[in-house]
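Since the structure comes first, as structure tokens, the remarks are kept for the end.
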Amino acid sequence: MSSLIRAAKSLLIFAGAAAVFVVTVQAQSPGVAPGEANHFIETPKGWVHPKTAWGDPDLTGIWPIAHGLNLVRSCPRAGGPGGRGGAPAAAPTAPAAPPCDPDSIPLFKTEAVYTAEVERALGIRKAGDAATQALAQGNFGAALQGGVTDPTFPERQTSMIVEPANGKLPGFTTEGKRRSTLMKSSWATAGETGQVWDTPEDFDSWDRCITRGMPSSMMPYRYNNGIEIFQAPGMVVLSLEMIHEDRIVYTDGRAPLKPVLKSYMGEPRGRWEGNTLVVTTTNYREGPSGTNIGVFGSPAGNRFPVSDQMKTTERFTRLNDNTILYEMKIEDPVVMAQPYTIRYPLRLNNSYEWWEYNCHEGNRTIRDYITSSRKERANAQSESGPSK
């Protein structure tokens with residue numbers, strides 16, 4: 001994997017040098033006004049889509065995943081947008097949320113509601129970041145939580161899920177329910193008590209720092225949300241900050257691997273539809289949860305199975321210099337009663353601080369959980385036995 005990444009980056013450097021000698025004639029955009037179809041993101045009139053030296057649409061750069069969106073559509077939480085990240089005490093407070101029917105929430109907020117949320121978020125930024133304020137107040141716990149999570153900012157949409165129309169995850173098939181009950185994690189499901197950890201297999205793949213798997217690797221978490229896109233002729237690389245995984249997408253028309261060859265991140269193949277990169281991924285290996293508690297609005301417990309029949313179809317459409325509209329359709333007839341689709345913007349930020357995700361399989365956290373769990377059970381058995 002690392003050698004392929006190095007090769008892709010070397011090709012990218014070569015292609016960049018070749019650009020000095022290449023002149024590409026590019027069509028100007030007639031302009032697209034903001035609206036629901038483009039998530040209220042304007043494409044300016046006369047805008048020219050950047051191209052690589054070899055003529056592909058240019059998507060290179062750092063595009064941190066939109067942060068703060070709920071996976072599913074639900075009523076606003078107390079504190080409003082940004083409150084989940086620990087707003088500083090001096091920040092303007094959000095008004096009390098009106099009564100809400102979660103089944104009738106539209107996909108997009110009204111302009112008035114969205115404008116008010118943006119103004120409140122800007123007020124929080126002006127007041128200073130939460131971590132610095134908490135540290136000054138001696139609240140070290142809040143300072144740690146505020147400092148290690150990515151800042152939130154309002155989005156116009158109300159959920160990542162755009163299909164089904166109600167913004168909810170599909171229900172499980174009978175087989176999906178069965179598989180879910182067999183999954184394990186350090187994260188408890190609703191109402192679950194008395195978890196026992198005795199082997200590494202009692203934890204999920206994120207607990208063990210192996211992988212987040214798909215589709216959740218392409219969803220916003222509370223931290224380490226960086227995605228960097230590299231390109232070379234016939235290849236696009238999606239480099240992920242969390243768990244330092246790289247998705248190598250070939251766009252040269254080569255055939256996919258045989259179904260027997262599987263991996264947690266699947267086997268992606270890409271193609272260009274005009275200026276849109278379309279990535280179809282199959283050959284998934286079963287194991288990771290399809291949802292993750294690290295993503296706002298996800299089910300508790302990390303027990304959403306994926307089968308080796310899962311298929312994801314992603315679309316990367318650049319709308320202007322600073323924005324890609326990202327979409328992914330997830331299909332898994334073994335597990336889900338119907339497919340679902342997520343969509344949201346990625347915004348260019350080449351000054352984003354890319355931190356090492358210093359977590360790896362075999363670190364001591366899993367061992368400490370197991371040791372502590374065994375000790376707790378031994379103590380409980382000793383205390384319940386006959387007194388000496």
Path from [X] to [Y] over hydrophobic side-chain contacts below 4.5 Å:
X      : Y      : answer
Met265 : Ile227 : yes
Tyr344 : Leu319 : no
Leu169 : Val306 : yes
Ile248 : Val278 : no
Tyr326 : Trp272 : yes

Taking side chain as C-beta onward, heavy atoms only, is [X] less than 4.5 Å from [Y]?
X      : Y      : value
Trp63  : Thr323 : no
Leu107 : Val162 : yes
Asp246 : Leu238 : no
Ser186 : Gln195 : no
Phe316 : Thr276 : no
Thr199 : Glu201 : yes
Pro305 : Glu175 : no
Arg318 : Pro57  : no

Which pairs with one or both residues in residues 262-281 pass salt bridge (charged side-chain N to carboxylate O under 4.0 Å, His left out), sequence neighbours excluded?
->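 Sorted result for residues 262-281: Glu267-Arg269, Arg271-Glu273, Glu273-Arg315.
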
So with a 6.0 Å cut-off around CZ of Arg208, is the heavy-atom count from everything else above 12?
->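 Correct, the count exceeds 12.
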
Partner residues of Ser205 under the side chain to side chain contact (heavy atoms under 4.5 Å, CB included) criterion, sequence neighbours left out | Ile210, Thr211, Pro288

Sequence neighbours left out, what passes side chain to side chain contact (heavy atoms under 4.5 Å, CB included) with Glu286? Give chain and number order.
-> Arg179, Ser307, Asp308

For the residue pair [X] and [Y], what are the closest heavy atoms and their distance?
X      : Y      : value
Cys359 : His244 : O-NE2, 3.5 Å
Ser185 : Asn302 : OG-CB, 3.9 Å
Pro215 : Gly290 : CD-O, 3.5 Å

So, [X] versus [Y]: side-chain donor-acceptor pair below 3.5 Å or not?
X      : Y      : value
Thr312 : Tyr284 : yes
Asn283 : Lys311 : no
Trp54  : Thr52  : yes

Taking 4.0 angstrom as the limit, do [X] and [Y] come out as a salt bridge?
X      : Y      : value
Arg73  : Asp103 : no
Asp202 : Lys184 : yes
Asp198 : Arg374 : yes
Lys109 : Glu117 : yes
Arg247 : Glu314 : yes

Determine whether a donor-acceptor pair (N or O, by modelled atom type, separation under 3.5 Å) exists between the side chain of [X] and the backbone of [Y].
X      : Y      : answer
Asn379 : Glu376 : no
Ser180 : Gly176 : no
Thr173 : Val334 : yes
Gln137 : Asn139 : no
Ser239 : Ile229 : no
Asn292 : Val295 : no

Co-members of the apolar cluster containing Leu261 [side chain, <4.5 Å] =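 Direct or chained contacts put Leu261 with Leu257, Val260.
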
Mind checking who shares a hydrophobic cluster with Tyr352, ILVMFWY linked at side-chain heavy-atom distances under 4.5 Å?
-> Ile62, Trp354

Rounded to the nearest 0.5 Å, how far does NE2 of His39 lie from CZ of Phe108?
-> 4.0 Å

Phe40 ring centre to Arg156 NZ or CZ under 6.0 Å, with the angle to the axis within 45°?
->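 Judged by the rule, Arg156 and Phe40 form a cation-pi pair.
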
Does the ring of Tyr221 carry Arg212 above it, NZ/CZ under 6.0 angstrom from centre and within 45° of its axis?
-> yes

Test ring-ring contact (aromatic ring centres under 6.0 Å, His included) applied to Tyr369 - qualifying residues, sequence neighbours left out =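 Expected list: Trp197, Phe203.
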
